[in-house]
Amino acid sequence: MTQQCMARIRSYYARLSAKEKKVADYILQNPEKIIHITINELAEDLHVADATVFRFCKRIGFKGYQAMKIALASEIMEPIQQIHEEISENDDEKTITKKIFQSNIQTLENTLHLLNENALHQAVSLLLHAEKIEFYGVGGSMVIAMDAYHKFIRTGIKAFSFVDSHYQLMSASQLTEKDVAVVISHSGTNKDTINILKTAKKNGAKTIGITGYPKSFIGQNVDVALFTSSEETDFRSEALSSRIGQLSIIDALYVNIMVLNKYNANKALDKIRDSISETRI
């Protein structure tokens, strides 16, 4: 998979330090110039240390400045259409709708590029061998957790989720080393979600985190972290945009489990279909 440099910069932008944002802004505005200058020249132009530029390159997922330049050069030679546009108060309904769809597409593409193949493999393995899976999230993330429960109840593996954060905390206190807790938080800093994670870990459960911030408490303290990308606009918060990536990660995990656990999943699906058939006219 090619490493899209500018998409990575936009994805990580909100997480960068002030000096790193200075580097990011310069690269986004002058991509053609960057591929022809050294790290020393870039640092000198921006009045920052070479180490700041190197740290920026590492932060967005490259081994160093040269690796970033190679990815950027490839991107410039084969331009990727920038489909994310700011929404204006003067936009009509169709234009706004088009921009929202395009922004969602961008979020999905950026999230796909952020996903680490090894982390994805580990997450699937933990879920596949879990005795019980519980999904946790507060506020907007709770909706994602409930969607995950709605899917994973079909896998043949015991799955649970609770709307109330106190119920979630009590449920986490009953987990064992045979169970997996999936913790969802865009910021990775929600106090209720952090307490749930701490409780799950205290009881020996394996933990998977879905968050937009790699350096957050949740991003740093789960067994496996899966990261989403999102872009904030004046009329749409970053957290709202991120849910598209979160839902897609859940879908990907679910389908992987369904493929690997086909026999038990089919039995579970048959029971669900029989039960639901009674509700239809």
Side-chain angles (χ1 to χ4, degrees), residues 114-228 242-243 245-265 267-268:
L114 285 179
L115 281 177
N116 179 280
E117 187 175 346
N118 185 52
L120 195 58
H121 174 76
Q122 290 180 57
V124 170
S125 181
L126 288 179
L127 293 170
L128 183 63
H129 297 99
E131 186 170 289
K132 178 174 64 176
I133 304 168
E134 298 218 3
F135 298 93
Y136 302 104
V138 176
S141 296
M142 177 271 295
V143 178
I144 309 300
M146 292 303 296
D147 179 78
Y149 163 69
H150 180 254
K151 291 183 173 71
F152 272 78
I153 198 173
R154 296 165 166 78
T155 63
I157 303 170
K158 292 179 182 178
F160 299 92
S161 187
F162 298 91
V163 174
D164 186 88
S165 60
H166 288 170
Y167 281 21
Q168 292 182 36
L169 190 58
M170 288 189 291
S171 182
S173 73
Q174 302 303 304
L175 295 176
T176 72
E177 66 279 356
K178 297 179 181 180
D179 303 324
V180 173
V182 180
V183 183
I184 305 162
S185 171
H186 171 64
S187 69
T189 59
N190 182 277
K191 288 183 178 179
D192 288 336
T193 310
I194 287 173
N195 285 336
I196 290 166
L197 173 60
K198 288 180 177 178
T199 302
K201 290 178 69 70
K202 182 180 178 181
N203 285 280
K206 300 294 187 297
T207 55
I208 298 171
I210 300 176
T211 181
Y213 287 80
K215 299 297 182 182
S216 66
F217 183 90
I218 288 175
Q220 293 291 305
N221 287 277
V222 290
D223 294 311
V224 181
L226 302 172
F227 301 117
T228 59
S242 72
R243 83 189 192 285
Q246 294 170 344
L247 286 167
S248 296
I249 288 177
I250 292 295
D251 284 352
L253 294 174
Y254 163 69
V255 174
N256 271 285
I257 296 302
M258 291 294 284
V259 170
L260 295 170
N261 197 39
K262 187 176 180 180
Y263 176 74
N264 290 329
K267 288 203 302 183

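Quick caveat: nothing in here was measured; it's all calculated off a predicted structure.
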side-chain hydrogen bond (donor to acceptor under 3.5 Å, both in side chains) contacts touching residues 196-207 (sequence neighbours left out): T207-D223
Qualifying side-chain hydrogen bond (donor to acceptor under 3.5 Å, both in side chains) pairs with a residue from residues 157-182, counting only residues at least two apart or across chains: E134-S171, T176-D179
Residue that, paired with L226, satisfies side chain to side chain contact (heavy atoms under 4.5 Å, CB included) out of T211, I184, L253: L253
So, taking the atom named [atom1] in [X] and the one named [atom2] in [Y], what distance separates them when rounded to the nearest 0.5 Å?
X	Y	atom1	atom2	value
R154	M258	CZ	CE	8.0 Å
I257	L128	CD1	CG	5.0 Å
L115	L120	CG	CG	6.0 Å
S125	L260	OG	CG	9.0 Å

Of all the heavy-atom pairs spanning [X] and [Y], show the shortest one and how long it is.
X	Y	value
A225	G219	CB-O, 3.8 Å
S216	S187	CB-O, 3.3 Å
Q246	S185	NE2-C, 4.4 Å
I133	I157	CD1-CG2, 3.8 Å

Taking side-chain contact (heavy atoms from CB on, under 4.5 Å) as the definition, give me every residue that meets it alongside [X], ordered by chain and number, with sequence neighbours left out.
X	value
V163	M142, M146
K262	N266
N116	N118, A119

So, using side-chain hydrogen bond (donor to acceptor under 3.5 Å, both in side chains) as the criterion, who are the partners of [X] when residues are at least two apart?
X	value
N264	N261
D147	K151
T193	N190

side-chain contact (heavy atoms from CB on, under 4.5 Å) between I210 and T228, worked out: CA-CA 7 Å; I210 300 176; T228 59; 4.1 Å; yes
Test side-chain contact (heavy atoms from CB on, under 4.5 Å) applied to I194 and I218, step by step: CA-CA 7 Å; I194 287 173; I218 288 175; 4.3 Å; yes
Contact list for residues 119-145, test ring-ring contact (aromatic ring centres under 6.0 Å, His included), sequence neighbours left out: F135-F152
